[in-house]
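Note sheet for the following structure.
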Amino acid sequence: MKVTDATGNGVEVDVATNLLNGTVRLSVLWTQEIYLHPDDAERVAQSLLRAAEHGRRLAEARKPETDQTTSPSD
C-alpha cells in the first residue's frame, strides 16, 4: 500500500501480516506521526481490516485441532 503524508514530506504507511503467526504490523516510516487525507486514512483502515482478517485465518489454521472423534460411552 502506498500512502504518503498529506504534508508532502515523504512519510509512508505500511501494513503487513506475519505469515508465521498472523500478527499485523503497522509501520509509519521515517517519522513518529503522519497526517493523512481522509481518503488515505480510509485506505489505511481498510488495509488494517484486511490484514486483521488474514491474521485471524492464519492463527486459526495453526491452532491444534480439537478431537472430534470421541463419543460418549454407554
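Just so it is clear, the model here is predicted, and its values are computed rather than measured.
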Can you check whether [X] reaches [Y] side chain to side chain, under 4.5 Å on heavy atoms?
X: Val11; Y: Leu29; answer: no
X: Asn9; Y: Thr31; answer: no
X: Leu19; Y: Leu58; answer: yes
X: Val44; Y: Leu36; answer: yes

Quiz item: Under 4.5 Å between side-chain heavy atoms, hopping through other hydrophobics if needed: is there a path connecting Val15 to Leu49?
Solution: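 No, separate clusters.
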Quiz item: Thinking salt bridges, do Glu53 and Arg56 make one under a 4.0 Å N-O criterion?
Solution: yes
Practice problem: Using a strict 4.0 Å threshold on nitrogen-to-oxygen distance, state whether Glu60 and Lys63 make a salt bridge. | Solution: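 Yes.
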Quiz item: If you measure from OG1 on Thr7 to CD1 on Ile34, what distance do you get to the nearest 0.5 Å?
Solution: 8.0 Å
Practice problem: Mark yes or no for whether Asp5, through its side chain, and Tyr35, through its backbone, hold a donor-acceptor pair below 3.5 Å. | Solution: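 A pair under 3.5 Å: yes.
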Practice problem: State which residues pass side-chain hydrogen bond (donor to acceptor under 3.5 Å, both in side chains) with Arg25; sequence neighbours excluded, sorted by chain then number. | Solution: Asp14, Ser27
